[in-house]
Amino acid sequence: MINLRTATEMDTIAHAGSIIGKLFEEMPTHVQPGVSTAEIDRFAEDFIVGHDGATAAFKGLYGFPGSVCISVNEEVVHGIPSEHRILDQGDIVSIDVGVMMDGWYSDSARTFAVGEVKGVATTLMAVTEEALAASIEAAVPGNHVGDIGAAVMKAVDGTGYGIIRELVGHGVGRDLHEEPQVPNIGRVGHGPLLREGMVLAIEPMLSAGTPRIKTLEDGWTVITADRSLSAHFEHTVGITKDGPRILTSAEGPVGAATPASGAG
Ligand code: MG
Ligand code: MG
């Protein structure tokens, strides 16, 4: 079943999501050469729980050992924070964060550069972020889930980068992962109809090489099969009659792109 949310419920998700947006604004000063991913994880958890009623939603979820997922270079998603993983100049680091507040989830990810990055790392991050923006634009009532994946494909077309197909976006709400699945490939007009009130995590994941992935022996870390670089950008997005509403921006409910009609 695909859940539909009221504008007030979206406000609550946007409140939780704004903590992630603010956390990401702070991240560049912490994502630095010589810093361990465990240090970043501690900073993220402290930042989240410093907001009344907020918890790091990934901590312990399905048994995940960290507070947030931190995936370096060829790691696509679900990287486990570690004291032994020290960031180097030129690395790229995907940080995926869930915040739970008042029983509602929000989910967002960004890839950060460690110091100065160049070449493929820079363009891979830029194309992935553009693919997210383009796919969010497709998240309007009357479109279909396939339009979102089609927008990712169009944004990536001609770059030579791979779209990770085995991992998908998803509905977000009372659970972190709800229906529908939101693949990063698709055909315009195909898949479930997008309706006002749906809340979706849209999250293109790209690789600089093969789109094939494998999971490391730790049972969590997903890497590209050819160990090429990977980038990941994600927002939780509400489908509204006024257009897509990003629920994981730092501004929160007040500064959201569209007014919360009906919110009292
Ligand atoms: Mg996520
Ligand atoms: Mg997600």
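Values below: every heavy atom of this structure, side chains too, minus hydrogens, waters and symmetry copies. First listed ligand is number 1; within each ligand, the first listed atom is number 1.
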Side-chain donor-acceptor pairs under 3.5 Å in residues 154-167, sequence neighbours left out?
| from | atom 1 | to | atom 2 | distance (Å) |
| --- | --- | --- | --- | --- |
| Thr159 | OG1 | Val156 | O | 2.6 |
| Thr159 | OG1 | Tyr161 | N | 3.2 |
| Tyr161 | OH | Thr123 | OG1 | 2.5 |

Main-chain N/O of Lys22 paired to Glu25 side chain as donor or acceptor, under 3.5 Å: no
Sequence neighbours excluded, every pair satisfying side-chain hydrogen bond (donor to acceptor under 3.5 Å, both in side chains) that has a member inside residues 59-72: Glu45-Lys59, Glu45-Ser67, Tyr62-His177
Distance-only donor-acceptor check, side chains Asp11 and Thr8, under 3.5 Å: no
Pairs where residues 228-237 contributes a residue and the test side-chain hydrogen bond (donor to acceptor under 3.5 Å, both in side chains) is met, not counting sequence neighbours: Glu203-His232, Asp226-Ser228, His235-Thr248
Atoms of the protein (N/O/S only) found under 2.8 Å from the Mg ion (ligand 2): Asp107 OD2, His170 NE2, Glu203 OE2, Glu234 OE2
Modelled atom types, side-chain donor and acceptor of His170 and Asp107, under 3.5 Å: yes
